[in-house]
Structure formats: structure tokens, C-alpha cells
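Report on one structure; see the data block that follows.
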Amino acid sequence: MTIPTTATPPSDKALVPFVSVDHMMQIVHQIGLAQVLRDLTRYIEDDFKRWPSFDKTPRVASHSDVGVIELMPTSDGESYGFKYVNGHPRNTADGLQTVTAFGLLADVATGYPVLLSEMTLLTALRTAATSALAARYLAPKGSTCMAMIGNGAQSEFQILAMQAVLGITHIRLYDTDPESSRKCAENLAQSTLNIRICDTPQDAVQGAQIITTCTADKRNARVLTDNMVGSGVHINAIGGDCPGKTELAADILHRSEIFVEYPEQTRIEGEIQQLTPDHPVTELWQVISGAATGRQNDRHVTLFDSVGFAIEDFSALRYLRDVVAQTGLFLPLDMLADPDDPKDLYGMLKRAAPKP
């Protein structure tokens, strides 16, 4: 069956640049993964420095027994962005991704979208860039060794961001599924990193200055216990994304200097949901802008309790908008109605009717 189309092509006003998964992969390979991670880190840092200029709200979440679907909106008054994202840990058993996402950037002055993009890959990239940014401000100076606890879809991005931004050279891998660790090590085999697969989390964290936890189980877990974490380390706990899902024993939290993105959201979804609502935390943007102190000495344990926040996605979409204009890697999507007379939408429909 042939579907009739209008003879008149859509105008430029009707077209929105759409970045597909294939486009995203081409962009990363054209620019280079390490450079993309460094660029995203810079964009996120720039937006954290102007944090007060953004609308901020906890993400709108719809929880179920098997996962969560969320909307993450924000605006700086000139552009508006949102991301749709899910988290379904059991999906991999059916050959599906745990996390999928797409996002949109719009012009506040007109309300017109200016970019629509896949964000499954982009979220992995921006999450890794955010972790590296936090570690640059909070980890011990000169850190060279990182423990990666949880070696799923996010792990390689986390590791390569730490290498690109901080110069990490040694990686210790641990996952409850040894195949995941082998997958991660094989994917990074051509890198210059010294990679070791460990049998226990205790072995993985031994000697590491930076510990990143990124596990998927939607339950109160104790991936790290207090006896595993020595003084002077920095922890990026990035697996939390919903109530009831934690990775760290509460004792670790009580002896850590805790840094978060947006307290109102992190107290619901992050590690600090285990603590009293008034437990002191510092917002990361305050450290980056110079309004607060980060690591205070070499013996402190610093913890970035990261659940992901909309401003990070905004930064990633802003970066993508800029590189799309340079690379031309997008599809013009006929997404917006553009009648000759803005008040005559029906007339546009009528004129598009197939000829008898």
C-alpha cells in the first residue's frame, strides 16, 4: 500500500535536527571518545558554575516493581531541555538495555524544539563526564588507581572518562557476574590502561584512590562495607536512582564528607536516603563555583552521591547542539506543523488531502 504524501516539502520551520543512535556513534568516532568526554566535562562544569540560573526540580518518576520511568526537565531561561529515561534492571535477561533514553532541547522564546536526540549513549557519556568532574574536585591529587565495582553498560565509559580527565592508569574490576568483568576488560584491551579483574570487592578497592560503584539491582544492597574503605579515598556512588536502592553501608556515609547534585532528589534516591533528612551534605556546584570547600585533607573520605540530575542532561544536549552544527550528522525531522497562515492549521490539513 502506498501512502500519499503532500507535494509541498516541509519548510525549514517544520524541521528539527534529530540525532539517531547511528549519528551519535559517528559523532563520537569523528571527534574521538576521549575528546568528547573532556568536552562534556567542560560543558557540565560551565553549567554547574551558573547553577542558580537554572530551574530545578526532582525528576518526575513513575516507579513499578520492575523499574522506573522518569522525566528530567530544566531550563536556564533561554533554552529548555528534558530527558525521558527508564531504569529496568531485569531487562538484560530479555536482551534489552537496563537504561534507554531520549531528550529534547527547545528555545524558550518560541517554545520550538531545536534538537531531538537519542540519549542512551549520551547519558552514558554525560554520567561518566560528571563522575570525572566530581573526582577532579574531590579525589586525592595525583590519583592513578580506580576500582570499578559493577562492570555493566556504564563501566567502560566511567573508566575512560577517568583516564581522559584525570589521567588514571590502573583499573581494578569487580562484578558479581565474572562475564561482565571479562567483557569490560576485553573492551578496554587496546587502551593503555593496566587492568586487573578481581575476585572480591575487597581485592578491587585495595590500593585504589578512587572507587566507583555502579550496580543495577533495585534493592537495598551493601556493595561496599565499612571495613573495605580506607582513609583518603574518593567514592563515586552512581548506582542509586530510586527509593530503596543503595550500594554503600551506612557506616561509610557517617565518616564521609558527602557531596550531591540536588539534595531534594538525592535524599529520596541516593545513598543518603539511609540517613536522617537533616544530615549535612554539600552541593557539588558550590565546590565547583568556589562557594564551598571540597576535599579538606589527604585522610578524608569524600563521597559523591550521584543520582543524575537534569542540568547534566541539559549540558549534554547543549554540547550536542553545538557539535551537530559542525558535523552535520543529523536527520532533519518533519516534526512541527507550519501552515502558511499560523491561524489556519485546518487549512493546511485540507490542502494536503490526496487528489481524487
Side-chain angles (χ1 to χ4, degrees), residues 10 14-44 47 59-62 67-75 79-89 91-92 94-107 112-132 152-158 160-161 164 187 214 216 238 241 306-336:
L15 300 177
V16 177
F18 169 61
V19 179
S20 68
V21 173
D22 183 61
H23 289 133
M24 187 68 70
M25 293 190 292
Q26 290 185 59
I27 288 169
V28 171
H29 286 297
Q30 186 175 119
I31 297 173
L33 178 56
Q35 188 60 50
V36 168
L37 289 166
R38 285 190 287 265
D39 289 344
L40 280 170
T41 301
R42 176 168 52 85
Y43 271 67
I44 295 168
D47 284 341
R59 52 189 160 210
V60 181
S62 175
V68 62
I69 296 174
E70 299 170 327
L71 292 177
M72 302 173 64
T74 191
S75 172
S79 297
Y80 170 90
F82 80 85
K83 182 175 77 173
Y84 167 101
V85 62
N86 77 294
H88 285 69
N91 272 4
T92 53
D94 297 320
L96 302 175
Q97 290 282 298
T98 298
V99 175
T100 62
F102 66 88
L104 182 142
L105 197 66
D107 175 33
Y112 269 45
V114 297
L115 179 71
L116 176 67
S117 178
E118 83 80 35
M119 287 195 74
T120 306
L121 276 167
L122 190 57
T123 293
L125 292 163
R126 75 84 164 140
T127 302
T130 302
S131 294
Q154 178 67 216
S155 59
E156 295 92 343
F157 297 95
Q158 289 285 322
L160 291 172
N187 281 342
C214 185
I238 67 170
D241 56 16
S306 176
V307 297
F309 193 62
I311 293 174
E312 297 153 14
D313 298 311
F314 181 96
S315 304
L317 288 167
R318 189 168 65 83
Y319 168 69
L320 187 60
R321 177 194 60 194
D322 292 348
V323 300
V324 159
Q326 300 166 15
T327 63
L329 290 169
F330 66 92
L331 174 70
L333 190 66
D334 184 7
M335 187 173 166
L336 304 174

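Just so we're clear, the structure is a prediction, and the values are computed from it rather than from any experiment.
- In this model, no donor atom of one side chain and acceptor atom of the other lie less than 3.5 Å apart for Gln30 and Gln26.
- Taking 4.5 Å as the limit, every side-chain heavy atom of Val85 sits out of range of all side-chain heavy atoms of Arg59.
- A distance of 7.5 Å separates CG in Asp47 from CD1 in Ile311, rounded to the nearest 0.5 Å.
- Counting only heavy atoms from C-beta outward, the side chains of Val323 and Asp39 never approach each other to under 4.5 Å.
- Taken from CG in Leu104 to CE in Met119, the straight-line distance is 10.5 Å, to the nearest 0.5 Å.
- What you find for Ala34 and Ala164 is that their closest heavy atoms are O-CB, 3.9 Å.
- Between Tyr84 and Phe102, the ring planes are parallel. Angles under 30° get that label, and only those over 60° would be called perpendicular.
- Interatomic distance, CZ of Arg38 versus CG of Leu40, reported as 11.5 Å (0.5 Å rounding).
- The minimum heavy-atom distance between Ala128 and Gln158, with the atom names listed, is CA-NE2, 3.4 Å.
- The nearest pair of heavy atoms linking Ser131 to Ile238 is OG-CG2, 3.6 Å.
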Carefully, step by step, assess Asp322 and Gln326 under the rule side-chain hydrogen bond (donor to acceptor under 3.5 Å, both in side chains).
CA-CA 7 Å; Asp322 292 348; Gln326 300 166 15; over 6 Å; no
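- Exactly one of Leu115, Val114, Val19 qualifies for a side-chain contact (heavy atoms from CB on, under 4.5 Å) with Leu317. That residue is Leu115.
- In this structure, Ser155 contributes its side chain and Gly152 its backbone to a donor-acceptor pair below 3.5 Å.
- Contact check for Ser20 versus Leu331: no side-chain heavy atoms found under the 4.5 Å cut-off.
- In this structure, Asp313 CG and Leu105 CG are separated by 11.0 Å, a value rounded to the nearest 0.5 Å.
- Between His88 and Ile69 there is a side-chain heavy-atom pair separated by less than 4.5 Å.
- The shortest heavy-atom contact between Ala129 and Leu37 is CB-O, 3.9 Å.
- Taking CE of Met24 as the reference point, atom CG of Leu122 lies at 4.5 Å (rounded to 0.5 Å).
- The shortest non-hydrogen separation linking Arg126 to Gly308 is NH1-CA, 3.9 Å.
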The test is side chain to side chain contact (heavy atoms under 4.5 Å, CB included); show your working for Leu121 and Phe157 and say whether it passes.
CA-CA 10 Å; Leu121 276 167; Phe157 297 95; 4.1 Å; yes
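- Across every non-hydrogen atom of Glu118 and Phe18, the tightest pair is N-CE1, 4.5 Å.
- Judged purely by atom type and a 3.5 angstrom limit, Asp107 has no side-chain atom pairing as donor or acceptor with the backbone of Tyr112.
- Residues Asp22 and Leu329 form no side-chain contact, since every pair of their non-hydrogen atoms from C-beta on lies 4.5 Å or further apart.
- To the nearest 0.5 Å, atom NZ of residue Lys83 and atom CG of residue Leu71 are 11.0 Å apart.
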